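All of these numbers come straight from a predicted model, not from anything done at the bench. Quick note: residue numbers are just sequence positions, from 1. Heavy atoms only: backbone and side chains are in, while hydrogens, waters and symmetry mates are out.
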Amino acid sequence: MDKITARSGVSKTTVYAHFRSKDELLLAVVEDLLQAIRSAMTELPQADDLRTWLAQLGRIASRQITSPPAIALQRLAIAEATRFPEIARALHDTRAGATLAAVAKPAFEATVARDIVRTGDPQFALTHFYELCFGKILRDMLMGLSPAPSARQIEINVRLAVDAFLEGYASR
């Protein structure tokens, strides 16, 4: 609180007039960061073929989920999971996969209807796709084993993810 009041130039009384507790203030900060992540993911790519569309979607998701604010929020949510589960819930409800899946779901359902992709549950299939795109990279970053991926690393990983996904989900 001392650092917050010093940087903002207001008193603790003023801060507490807006936020009833440190926890409420922390949740407000989390929500603010999540809003920035959420708004960055609302522009769904447009492409005529599924391979190009998935590659664009994979790049967007990978960049967002491995961004410094997203990594910081995920680490905070994990560290505070038992004491402050609201952070994890807020992050879960706004995570890149869920946000992009919600936006992507109608377009993906259309590919199922046209028998381009076979699946009974587009949300589940998109979750698989996101895991292929950034699952290992994300876990390594969260544990401090690797830095943020370069654009080239994301491109390679997404290309391999698209190939694997289409191999598993494309209609025969």
Search all heavy atoms of [X] against all heavy atoms of [Y] and return the closest pair with its distance.
X      : Y      : result
Cys133 : Gly58  : SG-CA, 3.7 Å
Gln153 : Ser150 : OE1-N, 2.6 Å
Glu24  : His18  : OE2-O, 3.7 Å
Ala125 : Phe165 : O-CE1, 3.2 Å

request  = Only counting residues at least two apart or in another chain, list the ones meeting ring pair (Phe, Tyr, Trp, His ring centres under 6.0 Å) with Phe84.
outcome  =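 Partners of Phe84 by the ring pair (Phe, Tyr, Trp, His ring centres under 6.0 Å) criterion come out as none, since no residue qualifies.
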| field | Contacts of type side-chain contact (heavy atoms from CB on, under 4.5 Å), residue Ile71, not counting sequence neighbours | value |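 Partners of Ile71 under the side-chain contact (heavy atoms from CB on, under 4.5 Å) test: Gln74, Arg75, Leu138, Met141, Leu142.
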- When you check the gap from the basic side-chain N to the acidic O, do Glu155 and Arg152 get nearer than 4.0 Å? no
Next on the checklist: Would Ile154 and Phe134 count as a side chain to side chain contact (heavy atoms under 4.5 Å, CB included) here? Give the steps.
Outcome noted: CA-CA 8 Å; Ile154 288 175; Phe134 54 73; over 6 Å; no
Practice prompt. First locate atom OH of Tyr130, then atom CD1 of Ile65, and finally report the distance between them rounded to the nearest 0.5 Å.
Written response: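 Rounded to the nearest 0.5 Å, the OH-CD1 separation comes to 10.5 Å.
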I'd like to know if Ile137 and Ile78 are part of one continuous hydrophobic network [Ile/Leu/Val/Met/Phe/Trp/Tyr, side-chain heavy atoms within less than 4.5 Å]. yes
Are Leu54 and Ile156 joined in one hydrophobic group, where the rule is that I, L, V, M, F, W and Y side chains link up if heavy atoms are under 4.5 Å apart?
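No, it is not one cluster - the side chains of Leu54 and Ile156 are not joined through contacts under 4.5 Å.
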field: Side-chain donor/acceptor of Gln56 to backbone N/O of Trp53, under 3.5 Å
entry: no
Any heavy-atom pair between the side chains of Val158 and Ser62 that's under 4.5 Å?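 With C-beta onward as the side chain, the pair touches.
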